[in-house]
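Everything on this sheet refers to the single structure shown next.
Keep in mind that this is a model prediction, so the values were computed, not measured.
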Amino acid sequence: MESETLIAVATVPNHEETKTESTEFEKNQQRYQALISTFPHEKGWREKEPLIEYGGYWWLQPLLEGCIHAQEFFQARPSDFLICSYPKTGTTWLKALTFAIANRSRFDDSSNPLLKRNPHEFVPYIEIDFPFFPDVDVFKDKGNTLFSTHVPYELLPESVVKSCCKMVYIWREPKDTFISMWTFIHKERTDLGPVSNLEESFDMYCRGLCAYGPYLDHVLA
């Protein structure tokens, strides 16, 4: 039987609390957006999705909002375990392995929740959940010690370094990473316009103009 930290207990929401949380989220998001509007912008891989420079790396708007939010509010503990990676380098695979190892004494082959659910549910991103899943505050789940991030080392929340929590980093051959990323983005359904062709996107990738890029700077950090 899965623990309470893995399955959320359904409760009737308190409308006043929901309203307060929503207002706090909106205030933070507006503050981040105002700050981000002052940063350098460059043409991105999509026509309506510019890349934004922050801390020596390039970001998409929602991801940068999430990064700043994590820098402000994520409090790492010595018992935490952080999976660090650049996108499309094997993050999901490593999340599954990490969760399986950390919980090997709790589940057998027939009861492991990974058989039915995505590894991302059990090893949440510290920067992605804020902009895309504002109703889920992963920072408040004190029972969870597994987290992940694509944020470069230099821009991680200060608490990560100060807490001496464990970290593991996975990387992948740069060309394979690019092909996987371009294919993934090309398949996404969005109103932000089509993705640049393979040649143009590869040129931008080589110049570091990609989400969380430059890639090699991210790896070597």
Side-chain angles (χ1 to χ4, degrees), residues 28-29 31-45 49-95 98 120 123-133 137-139 144-178 180-181 184-185 201-221:
N28 284 332
Q29 189 175 51
R31 182 162 53 88
Y32 302 150
Q33 290 174 351
L35 177 63
I36 292 171
S37 67
T38 66
F39 297 161
H41 288 54
E42 288 285 347
K43 177 183 178 296
W45 290 19
E49 193 173 44
L51 290 165
I52 305 164
E53 195 276 330
Y54 172 69
Y57 293 86
W58 292 98
W59 303 78
L60 300 178
Q61 175 86 26
L63 301 178
L64 183 50
E65 292 175 18
C67 173
I68 297 173
H69 180 262
Q71 289 175 336
E72 286 192 3
F73 295 106
F74 181 68
Q75 296 298 319
R77 300 157 296 184
S79 60
D80 287 342
F81 190 93
L82 194 63
I83 296 174
C84 307
S85 64
Y86 187 84
K88 312 310 295 180
T89 59
T91 310
T92 306
W93 171 77
L94 186 56
K95 283 187 176 188
T98 303
H120 294 300
V123 189
Y125 289 101
I126 65 172
E127 81 277 14
I128 293 179
D129 285 28
F130 169 76
F132 293 105
F133 308 103
D137 191 342
V138 300
F139 299 168
N144 179 50
T145 60
L146 302 178
F147 297 94
S148 65
T149 185
H150 292 319
V151 174
Y153 181 79
E154 301 100 318
L155 299 178
L156 287 173
E158 291 185 7
S159 65
V160 172
V161 177
K162 292 181 179 179
S163 70
C164 295
C165 66
K166 296 179 179 64
M167 292 185 284
V168 61
Y169 187 90
I170 185 171
W171 70 286
R172 186 181 184 184
E173 200 276 332
K175 176 172 63 66
D176 292 342
T177 301
F178 164 74
S180 181
M181 179 182 293
F184 176 81
I185 296 175
S201 297
F202 183 65
D203 177 70
M204 297 177 71
Y205 176 80
C206 290
R207 291 187 287 122
L209 290 170
C210 49
Y212 295 103
Y215 175 66
L216 290 181
D217 288 0
H218 195 291
V219 173
L220 297 174

Decide yes or no on ring pair (Phe, Tyr, Trp, His ring centres under 6.0 Å) for Phe147 and Phe74, but give the supporting numbers first. CA-CA 11 Å; Phe147 297 94; Phe74 181 68; 5.1 Å; yes

Counting only heavy atoms not in Tyr169 (residues, nucleotides, ligands), do more than 12 fall under 6.0 Å from its OH? yes

Are any side-chain N or O atoms of His41 and backbone N or O atoms of Ile52, one a donor and one an acceptor, separated by less than 3.5 Å? no

Take Arg31 and Ile68 through the test side chain to side chain contact (heavy atoms under 4.5 Å, CB included) and record every step on the way to the result. CA-CA 10 Å; Arg31 182 162 53 88; Ile68 297 173; 5.9 Å; no

From Ile128 atom CD1 to Thr149 atom OG1, the distance as rounded to the nearest 0.5 Å: 7.5 Å

Is the backbone N or O of Tyr57 less than 3.5 Å from a side-chain atom of His218, with the two atoms forming a donor-acceptor pair by type? no

Donor-acceptor check, side chain of Ser180 to backbone of Thr177, threshold 3.5 angstrom: yes or no? no

What do you reckon, is CZ of Phe39 surrounded by more than 12 foreign heavy atoms closer than 6.0 Å? yes

Sidechain-backbone polar pair: Ser159 side chain, Ala76 backbone, donor-acceptor under 3.5 Å: yes

Residue pairs passing the salt bridge (Lys or Arg N to Asp or Glu O under 4.0 Å) test where at least one lies in residues 211-221, sequence neighbours excluded: none

After noting the C-alpha distance and the side-chain angles of Arg207 and Glu42, does the key distance pass the salt bridge (charged side-chain N to carboxylate O under 4.0 Å, His left out) rule? CA-CA 12 Å; Arg207 291 187 287 122; Glu42 288 285 347; over 6 Å; no

Quick one: do Leu63 and Phe132 satisfy side chain to side chain contact (heavy atoms under 4.5 Å, CB included)? Show the steps, please. CA-CA 9 Å; Leu63 301 178; Phe132 293 105; 4.0 Å; yes

Closest approach of Ser79 to Thr145 (non-hydrogen atoms, all atoms of both residues): O-CB, 3.7 Å

Verify the neighbour count for atom CD of Glu72: are there more than 12 heavy atoms of other residues, nucleotides or ligands below 6.0 Å? yes

Does the pair Trp59 and Val151 meet the rule for a side chain to side chain contact (heavy atoms under 4.5 Å, CB included), with working shown? CA-CA 10 Å; Trp59 303 78; Val151 174; 4.2 Å; yes

Quick one: closest heavy-atom pair of Pro124 and Asp129, and the distance? CB-OD2, 3.8 Å

Can you list the residues that meet the side chain to side chain donor-acceptor pair (under 3.5 Å) rule with His120, with sequence neighbours excluded? Thr92, Lys95

Nearest 0.5 Å, what's the CD-CG distance between Glu49 and Leu60? 4.5 Å

Rounded to the nearest 0.5 Å, how far apart are OH of Tyr125 and OG1 of Thr91? 4.5 Å

Give a yes or no answer on whether the side chain of Glu127 reaches the backbone of His150 with a donor-acceptor pair at less than 3.5 Å. yes

Contacts of Tyr54 that satisfy side chain to side chain donor-acceptor pair (under 3.5 Å) - sequence neighbours left out: Gln71

Where the side chain of Arg172 meets the backbone of Lys88, is there a donor-acceptor pair that is under 3.5 Å apart? yes

Applying side chain to side chain contact (heavy atoms under 4.5 Å, CB included) to Gln29 and His69, what does each step give before you reach the verdict? CA-CA 9 Å; Gln29 189 175 51; His69 180 262; over 6 Å; no

Is the shortest heavy-atom distance from the side chain of Tyr153 to the side chain of Leu156 under 4.5 Å? yes

Is the backbone of Pro174 close enough, under 3.5 Å, to the side chain of Tyr205 for a donor and an acceptor to pair up by distance? yes

Partner of Cys210 under side chain to side chain contact (heavy atoms under 4.5 Å, CB included), picked from Phe202, Phe178, Tyr86, Trp58, is Tyr86

Can you tell me if NZ on Lys43 sees more than 12 non-hydrogen neighbours from other groups inside 6.0 Å? yes

To the nearest 0.5 Å, what is the distance between CG (Leu82) and NZ (Lys166)? 12.5 Å

Hey, what do you get for CG (Leu94) to SG (Cys84), rounding to the nearest 0.5 Å? 10.0 Å

Can you tell me how far the OH atom of Tyr212 sits from the SG atom of Cys67, to the nearest 0.5 Å? 7.5 Å

